Amino acid sequence: MQTIVTDLPEEAAWFLNRGGIVAFPTETVYGLGADAFRPEAVAGIFTAKGRPADNPLIVHVQSPDRIDEVASGINNHALALIARFFPGPLTLVLKKNGSVPDIVSAGLPTVGVRCPSHPVAAELLGHCNHPVAAPSANVSGRPSSTDWKAVYHDLGGRIDCLLRGAPSTIGLESTIVDCTVDPPLLLRSGAVSLESLLQVVPDLQVATTCKPGETPKSPGMKYRHYSPEASIVLVVESPKAFDPGHPTAWIGLSAPPEGAARCMVCLSPEEYARVLFGFFRTCDAEGIRTIYCELPPETGIGRAIRDRLFKAAGK
Ligand code: AMP
Ligand code: MG
């Protein structure tokens, strides 16, 4: 299949409105979208990514007043979170309504809904006559794509269109809160921090990591995720030096030990989040064998960085 690369949201929407599959920029990471109401179009996302069928997709709507096209029974907790954080990097799990096909929600009675704040994504959705189901635009298991070249590397020739935009400004996937339970449950950390969620929902609970054999609250939680080819070493206390004979990289907030073949010292946790997945991809392209990742403090977006690092390390 030929992948059309365009800068025009209207052209990309043309494909979506005809049942095609389109990658597009958002503030979190690039998404891979299809008409959420067409099961055969949504099936194409799973094929292109090699995504397991039991991993549900997030449905993207252009504005908060279009949430009721896909969800019903929106309670006061959800309304408060929508009022404070939509549009933005927050996904709410809500009761799904009958118009959402089972393939989108992987058979669950609920649906994840997000309203991106990215102007190009908003323009794209504005040209569509339906909501857009979209997971991250990467081959399943690999780091999410935070720029269009990463999308092309993973999915070029396997999707109809790639809407080119600037690199994602956040760099990590959305925060996910399940509002179908009381109190609501934080399923995945992201740029909307636990601290800021607690200001709106003081009794919010945090989902614990699922143990082998348990049914995860969020199906995607059970899969190995965000992984580069290189092995990941989580750094609590930094080694003094690396073995110069072994291609090693370093990413973190502190200065690296001597001998790293490639290193990235971030000025803030926000920068760490923004560059992390691109750094993983660069390391793979350069044949780095081991990436040392410094664990940031568990506050603000640091919580989400730690989550992705643990998952990338297979922990
Ligand atoms: P991605 O867009 O690739 O980050 O994947 C979306 C993630 O959202 C999935 O891996 C799930 O863990 C989560 N998700 C989507 N829909 C639901 C839902 N209805 N209930 C719980 N988690 C969901
Ligand atoms: Mg993903």
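Numbering of ligands and ligand atoms starts at 1, following listing order. Note that the structure is predicted; figures quoted are calculated from it, not measured.
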Logged contact type for T91 with ligand 1, heavy-atom cut-off 4.0 Å, is neither
Q) Hey, does T110 come in under 3.5 Å of ligand 1, counting only N/O atoms on both sides? A) yes
query: Any N/O/S of S136 under 2.8 Å from the Mg ion (ligand 2)?
result: yes
Honestly, for R51 the part within reach of ligand 1 (heavy atoms, under 4.0 Å) is side chain
- Task: Establish, from distance only, whether the side-chain atoms of R262 and T282 form a donor-acceptor pair under 3.5 Å.
- Result: no
One should read off an interatomic distance between C128 SG and L16 CG, to the nearest 0.5 angstrom, of 4.5 Å
>> Check this for me, if you would: do D154 and K149 make a salt bridge, where the nitrogen-to-carboxylate-oxygen distance has to be below 4.0 angstrom?
In response: no
> Is R66 salt-bridged to E69, cutoff N-O under 4.0 Å?
Replying inline: yes
Counting C-beta onward and ignoring hydrogens, is there a side-chain heavy-atom pair between L309 and L276 closer than 4.5 Å?
yes
A student checking ligand 1 against S136 at a 4.0 Å heavy-atom cut-off should list atoms 1 (P), 2 (O), 3 (O)
> Does any N/O atom on K49 come nearer than 3.5 Å to any N/O atom on ligand 1?
Replying inline: no
For L108, the atoms of ligand 1 under 4.0 Å from one of its heavy atoms are 18 (C), 19 (N), 20 (N)
In ligand 1, the atoms that come under 4.0 Å of a heavy atom of I58 are 2 (O), 6 (C), 8 (O)
For N55, the ligand 1 atoms with a heavy-atom partner under 4.0 Å come out as 9 (C), 10 (O), 11 (C)
**Asked** Can R114 and E27 be counted as an ion pair, charged N to O under 4.0 angstrom?
**Response** yes
